[in-house]
Trainee: 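I'd like to ask you about the structure that follows.
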Amino acid sequence: MTDPYLMSLLAGAAVGGAAAYLGSLMITRRMALVGDALGHVALPGMGLALLAKVDPSLGAFLFLALGIVVIWKLGEKTSLSTETLVGLVFVTSLALGFLIVPQPELLESLIGDISQLSTAGLILTVVLCAIVLIIVQGIYPRMMLLNLSPDLAAVEGVRESRTNLLYLSAIAVMVALGVKVTGSLLVGALVIIPPATARILVSNLGQYRRFSVGIGVAGCLAGILVSRVSHFPPGPAIILANAFFFLAALGLKKWRPARPVPGGRREDGPQSSPTPPV
């Protein structure tokens, strides 16, 4: 496969779907901004990779892996929350990244360029996205149980430390892949906007996850198509396409006719507020 446009569509669909599925779990745990923060953690690794003239995604992944280990270990040794530790590592990495990344490549590092993906890069992207989907599907029930009651999870045999490591590792892999699509500055939107859109439209967990994946795939494909027609950078175009879907979902929710439900209450409609899928 040598068509850069087709490879961009395939990679975008894979990354968009996997990131949205992971994001559905992150939003449920109120950790949506962690993905955005970890995107900035990848910046120094991308800078080192550019200086060494290798794939920036490789440098991003190695630095993210280091950041995840630091966050995980600090979480075990302190009482600080994961969000606090991510913020600490985030600001440190961002400052370091601006010092390391060469100026000519800084813009590409910040907003990405999926059109430069190679055939080997496409295969690796699809394989890693599949692995992330399998990991997230496996830990989803455990993470939900930990979210509801850590004590109950312990009684059920859930190993919190191991589960959190798998969870953070999935985020790291997804961010490393996402920086190639939207850059380190915008990668957080891939895990935030599609599940946020799905949450507006549905009210049960199964639909929420499926809608998140579908919207994530559609947003990436639409953004790449817009980029090809308008010659805008694909990263910002993908985010704007996802934002458009979010606004469309708001409009659909507002104007969808209300339906009667047992007990005389009304379902949906302008005044309703959906039950969160948690």
Side-chain angles (χ1 to χ4, degrees), residues 1-26 34-35 38-39 41-42 45-46 48-50 52-69 72 108-109 112-143 162-184 186-191 194-195 209-210 212-224 234-235 238 242:
M1 183 182 299
T2 57
D3 185 350
Y5 178 60
L6 181 57
M7 290 195 296
S8 297
L9 289 173
L10 292 175
V15 172
Y21 188 55
L22 176 60
S24 69
L25 177 58
M26 295 173 69
V34 169
L38 286 176
V41 172
M46 297 173 70
L48 292 173
L50 289 168
K53 300 188 184 305
V54 297
D55 190 340
S57 294
L58 176 60
F61 177 74
L62 293 176
F63 215 87
L64 279 165
L66 176 61
I68 289 299
V69 171
W72 181 54
E108 181 180 334
S109 299
D113 188 1
I114 196 174
S115 65
Q116 302 300 318
L117 195 68
S118 64
T119 302
L122 170 63
I123 295 173
L124 182 62
T125 296
V126 172
V127 169
L128 289 177
C129 284
I131 292 173
V132 167
L133 285 171
I134 292 171
I135 290 174
V136 175
Q137 185 175 17
I139 67 173
Y140 217 113
R142 286 176 278 169
M143 296 299 294
R162 179 182 177 183
T163 303
N164 281 332
L165 179 59
L166 287 172
Y167 174 57
L168 290 171
S169 298
I171 296 175
V173 172
M174 209 64 255
V175 170
L177 296 174
V179 294
K180 193 70 175 178
V181 179
T182 61
S184 63
L186 303 173
V187 68
L190 293 178
V191 298
R209 291 188 287 185
R210 291 191 293 271
S212 295
V213 173
I215 294 168
V217 171
C220 279
L221 294 179
I224 294 171
I238 288 171
N242 275 294

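Residue indices begin at 1 and follow the sequence shown.
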Trainee: By the definition side-chain contact (heavy atoms from CB on, under 4.5 Å), identify the one residue from I135, I131, L128 that meets it with V173.
Mentor: L128
Trainee: Working to the nearest 0.5 angstrom, can you tell me the gap between I171 CD1 and L166 CG?
Mentor: 11.5 Å
Trainee: So which heavy atom on P194 is nearest to which on S212, and how close?
Mentor: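 Minimum heavy-atom separation between P194 and S212: CB-O, 3.7 Å.
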Trainee: Measuring from M7:CE to I123:CD1, what's the distance to the nearest 0.5 Å?
Mentor: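 CD1 of I123 is found 10.0 Å from CE of M7.
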Trainee: What distance do Y167 atom OH and M26 atom CE have between them, rounded to the nearest 0.5 Å?
Mentor: 4.5 Å
Trainee: Atom CG of L22 and atom OH of Y140: how far apart are they, to the nearest 0.5 Å?
Mentor: 9.0 Å
Trainee: Under the side-chain contact (heavy atoms from CB on, under 4.5 Å) criterion, do C129 and T125 qualify, and how do the steps go?
Mentor: CA-CA 6 Å; C129 284; T125 296; 4.2 Å; yes
Trainee: Would you sort out whether S8 and L122 count as a side-chain contact (heavy atoms from CB on, under 4.5 Å), showing the intermediate values?
Mentor: CA-CA 8 Å; S8 297; L122 170 63; over 6 Å; no
Trainee: Apply side-chain contact (heavy atoms from CB on, under 4.5 Å) to V15 and M174, showing your working.
Mentor: CA-CA 7 Å; V15 172; M174 209 64 255; 3.9 Å; yes
Trainee: Rounded to the nearest 0.5 Å, what separates atom CG in L9 from atom SG in C220?
Mentor: 10.0 Å
Trainee: Side-chain contact test, heavy atoms from C-beta onward, threshold under 4.5 Å: evaluate it for L66 versus L62 and give yes or no.
Mentor: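 They are not in contact (no side-chain heavy atoms under 4.5 Å apart), so the answer is no.
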Trainee: Heavy-atom distance under 4.5 Å between the side chains of L190 and I238, does that happen here?
Mentor: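 Yes, at least one pair of side-chain atoms sits under 4.5 Å.
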Trainee: Identify whether NZ of Lys or CZ of Arg in R209 sits under 6.0 Å from the centre of the six-membered ring of Y21 and within 45° of that ring's axis.
Mentor: no
Trainee: Going through the checks in order, is the side-chain contact (heavy atoms from CB on, under 4.5 Å) test met by L221 and V217?
Mentor: CA-CA 6 Å; L221 294 179; V217 171; 3.9 Å; yes
